[in-house]
Participant: 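Below is one structure. I have some questions about it.
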Amino acid sequence: MAISISASKLFKLRLHSPIILRHLSTESNPPPSPSPSPPPPPPHQDQDSLVTRALQLLQAPDYDSNSNTTTPLQELLFSSSSPSSPFIFRNITRRLSSSSEALKFFHYLQSNSPSQDILPSLSSTFQAIFELASREPDSHNKLLELYGTAKEHNVPLTINAATLLIRCLGRAGMVDQVLVVVKEVDPSLKNTHFCNVVIDVLFRLGRVDDALKVLDEMLQPDSECPPNDSTGDIIFGAMLRREWRGRSINDEEIVGLVSKFGEHDVFPDTFKLTQLITKFCRNRKTGRAWDLLHDVMKSGGVVEAASCNALLTGLGKGGDIERMNKLTTEMKEMNIQPNVVTFGILINLMCKSRRVDEALEVFEKMKEGSDGVLVEPDAIMYNTLIDGLCKVGRQEEGLSLVEQMRSQNGCAPNIVTYNCLIDGFCKSGEIERAQELFDQINRESVFPNVITLNTLIDGMCRHGRINSAVEFLNDMQSKGVKGNAVTYAILIKAFCNVNNIDKAMEFFDQLSNSGCSPDAIVYYTLISGLSQAGRMDDASSVVSKLKEVGFCLDTVCYNVLIGGFCKKNKLDKAYETLKEMEEAGVKPDSVTYNTLISYLSKTGNFTTAHRVMRKMIKEGLTPTVVTYGALIHAYCLIGKIDEGMKIFRDMGSASKVPPNTVIYNILIDSLCKNDDVEHALSLMDDMKVKGVKPNITTYNAIFKGLRDKNLLEKAFELMDRMIEQACNPDYITMEVLTEWLSAVGETGKLKKFVQGYEVSASSA
DNA sequence: TTAGGGTTAG
């Protein structure tokens, strides 16, 4: 008792010392807490029996009596013959039934210890009390109270006890208390595990900046608590978290942190690195993704193909071929083996840019391993190539790849394969073959999906078989393949194209009632169809519906409406729409202005047209070839060809907008109609000089001009040129030439022309 | 890896 007083005196003396106020621990290298960890190897074999014996004595009636004589328990715990270890008391405490029992034992030790040396043991005893309390109900409040008791008795917390406390408080959401404990822990005790727990807890509580401050200290070059893989897991995991409390870690911070971690040889694993790169790429930040990957490479982290693939995908989407090449070279240099995905990305890119032959070349080399890497293609790769072939009209080659697929194990053609082929046949107008494939699917127990449905419906609609398309839709729906927004967009567009607006509206309503809501494209398609048809009231009511469901009009949609109002001679409504557009923050583009300029000039309002053009320039837009075309066309229409020619000369020289075929066509047509075919012919020469290719409209206009003046020889010359240029005649060409050449007895020339066309068509 | 996107001058 006397000694215990002196011990407490000692504590009191130290109470004023700032050092002891920090909860110093004497336990130098503690095992991780709170899981019950095996005690350090006992100095004496009888340590276990001592613990057992002590626990028995703690049940005895004289345990908490204030006896003046030395009790057996005191003898056991404090005598010099007892095995001494700071962990003995802790091990006894751990085996007590509750934290309150343990606290009682703590008080007993404090009161009965004959020596001051008990201090280190009391810290680890307290840790054991924390461990018990942490497993009891209401643990956070109990621990907080115990923390107060420890401070009161000047028992410094072990770092493990502090860790346990913080974790428990964090779980209970007690962010302020967490920060207090962190502040009060002796910095010299902090270890990496402690810091990891603090950071993890702070992140979960949304205190990102506090967490990053702790992390920043860990990342210093001379840090006492350098980051380890667990630190990396916590931070890299947090970077990828979608749901955030507090603020999120921004991209710049992510790159900086990964780089700093690299200095400590800690790297995100392949999965996390890949995810981070993907995240950057999705936000179109390929530059950051590039830096991230290269930081890891430079610091010596492991980089696998998956991470490179993520970056290659991002670079491909951004069209950064140069960096793609650089990265694939680096992969080779660093011995990072490309896989089927790597090749898939490259082949897909080539196919999408219509370089199918190059894609096939890479594919062959990959299969043979002739470039040192042998990779077996998968179904996705075959599908990519088949789609690429079909998109350039090479369906037959696509079909032969399907045969290759069949001969390779585990690579059977699937619904995607067939959808690509069906689309190919549909786009080339071979609807029957598309339907045959569709039937084949059903025989092969590959199940058609909504994409199959839409592809076929689109093909039928584009080739004038709307009724078959609707029939097919009904048939499929009865078999369980339901249409979606895409289906309806296709049908709405198709019915608008044939000017069956009522049917288009009907399908729109059907979609709205089918439980599958129309998306923005469906609205845009219908608004466009209605505007083209001049049904501006209907268009406006669809616009209202679109706004009601929360979609916005974009530039193109506003342009469609402005064009529609112009067509209906509702200039005021067009201007109103323009104003609304500007107020909604949707910037008018050159099409917006061109639409207005075209309407104004066609209605003879040239002054206003030029004023709008000046406004266009003031808004930072450059007049385009269409702007000039609109003005030229309008001047030509009222017979002011000179004015048109003036603009034509001006656009090429002063404005540096090179005229295109359409501009020449307008002028050539007008000159011919104005009896000036010579001038029109000189413009055709000019086209040749400028490298602007005439098309069938050009030829039709000039043929009419030549016919009116009966300039046969010139016509023959141009007919030859048409064949040379593989420019196909259309029904207008045939009508003009047949009538004219028959009348002048030159049917032989006509026959030769048609044959030449057939030859040029077959060679093309 | 597969399907629908609307606008301005001829």
Side-chain angles (χ1 to χ4, degrees), chain A residues 341 344-345 347-348 351-352 377-388 390-391 413-424 426-427 448-459 461-462 483-494 496 518-532 539 553-564 566-567 588-599 601-602 623-634 636-637 644 647 659-670 695-698 700-701:
Chain A
V341 178
I345 293 163
I347 285 175
N348 188 26
C351 287
K352 290 287 176 296
D378 59 4
I380 294 181
M381 186 167 284
Y382 276 108
N383 290 346
T384 306
L385 283 163
I386 290 166
D387 185 53
C390 289
K391 288 275 188 300
N414 56 28
I415 189 59
V416 177
T417 321
Y418 288 111
N419 287 345
C420 295
L421 287 160
I422 288 173
D423 189 48
C426 280
K427 294 265 156 70
N449 58 18
V450 69
I451 297 182
T452 325
L453 171 78
N454 292 339
T455 307
L456 270 164
I457 289 182
D458 188 52
C461 288
R462 276 175 204 264
N484 60 11
V486 178
T487 323
Y488 290 91
I490 295 167
L491 289 167
I492 288 167
K493 189 189 163 191
C496 286
D519 61 12
I521 293 179
V522 174
Y523 282 101
Y524 294 160
T525 307
L526 185 58
I527 291 167
S528 167
L530 292 169
S531 300
Q532 294 269 22
L553 295 182
D554 64 359
T555 307
V556 177
C557 204
Y558 276 116
N559 290 347
V560 165
L561 288 166
I562 290 170
C566 285
K567 246 177 235 153
D589 63 3
S590 53
V591 176
T592 322
Y593 289 106
N594 290 345
T595 306
L596 287 164
I597 291 166
S598 169
Y599 173 74
S601 46
K602 247 186 241 162
T624 67
V625 68
V626 179
T627 322
Y628 294 111
L631 287 166
I632 292 170
H633 189 210
C636 286
L637 280 176
I647 296 172
N660 61 10
T661 308
V662 177
I663 299 280
Y664 280 104
N665 290 352
I666 296 167
L667 287 166
I668 289 169
D669 187 50
S670 301
N695 60 19
I696 192 58
T697 312
T698 329
N700 288 346

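All chains are named by letter (A, B, ...) in the order of the sequence lines, taking the proteins before the strands, and each is independently numbered beginning at 1.
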Participant: Need one value for N414(A): base, sugar-phosphate or nothing, where a base atom within 4.0 Å counts as base even if backbone is also close, heavy atoms only.
Facilitator: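 The answer is nothing, as N414(A) stays clear of every strand by at least 4.0 Å.
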Participant: Taking 5' to 3' order, which nucleotide of DNA chain B is first and which is last to have an atom within less than 4.0 Å of a heavy atom in chain A?
Facilitator: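 Going 5' to 3' along DNA chain B, contacts run dT1(B) to dG10(B).
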Participant: Identify, with sequence neighbours excluded, every residue that meets side chain to side chain donor-acceptor pair (under 3.5 Å) alongside T417(A).
Facilitator: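 Side chain to side chain donor-acceptor pair (under 3.5 Å) list for T417(A), sorted by chain: N383(A), N414(A).
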Participant: Determine the contact category for I521(A): base if any of its heavy atoms lies under 4.0 Å from a base atom, sugar-phosphate if only primed atoms, P, OP1 or OP2 are that close, otherwise nothing.
Facilitator: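 Here I521(A) touches the bases of the nucleic acid.
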Participant: For V625(A), give me all partners under side chain to side chain contact (heavy atoms under 4.5 Å, CB included), at least two apart in sequence or on another chain.
Facilitator: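 With neighbours one apart ignored, the set is M651(A), V657(A), N660(A), I663(A).
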Participant: Just by distance, with hydrogens left out, do T592(A) and D589(A) show a side-chain donor and acceptor under 3.5 Å apart?
Facilitator: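 T592(A) vs D589(A): donor-acceptor pair found between side chains.
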Participant: Describe the nucleic acid contact of V560(A) in one word from base, sugar-phosphate, nothing, applying a heavy-atom distance below 4.0 Å.
Facilitator: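 Since only primed, P, OP1 and OP2 atoms lie under 4.0 Å of V560(A), the category is sugar-phosphate.
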Participant: Checking N695(A) now: which residues fulfil side chain to side chain donor-acceptor pair (under 3.5 Å) with it, not counting sequence neighbours?
Facilitator: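 Listed in chain order: N665(A), T698(A).
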Participant: Give D378(A) one of three labels, base, sugar-phosphate or nothing, depending on what nucleic acid heavy atoms sit under 4.0 Å from its own.
Facilitator: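 No contact.
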Participant: Contact class for D387(A) vs. all strands (heavy atom < 4.0 Å): base, sugar-phosphate, or nothing?
Facilitator: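 Contact class for D387(A): sugar-phosphate only.
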Participant: Under 4.0 Å, heavy atoms only, any strand: does N660(A) hit a base, just the sugar-phosphate, or nothing?
Facilitator: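 Contact class for N660(A): base.
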Participant: For T624(A), enumerate each residue passing the side chain to side chain contact (heavy atoms under 4.5 Å, CB included) test, keeping only those at least two apart in sequence or located in another chain.
Facilitator: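 T624(A) satisfies side chain to side chain contact (heavy atoms under 4.5 Å, CB included) with S590(A), N594(A), V626(A), T627(A) once adjacent residues are dropped.
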Participant: Quick one: label C557(A) by what it contacts on the DNA or RNA (base, sugar-phosphate, nothing), any heavy atom closer than 4.0 Å.
Facilitator: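 Result for C557(A) = base.
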Participant: Run the side chain to side chain donor-acceptor pair (under 3.5 Å) test against T452(A) and tell me which residues pass, sequence neighbours left out.
Facilitator: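 T452(A) satisfies side chain to side chain donor-acceptor pair (under 3.5 Å) with N419(A), N449(A) once adjacent residues are dropped.
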Participant: Just call it for A485(A): base, sugar-phosphate, or nothing, with non-hydrogen atoms closer than 4.0 Å on any strand.
Facilitator: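 It contacts base atoms.
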Participant: Please classify the nucleic acid contact of T595(A) as base, sugar-phosphate, or nothing, using heavy-atom distances under 4.0 Å.
Facilitator: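 Sugar-phosphate only.
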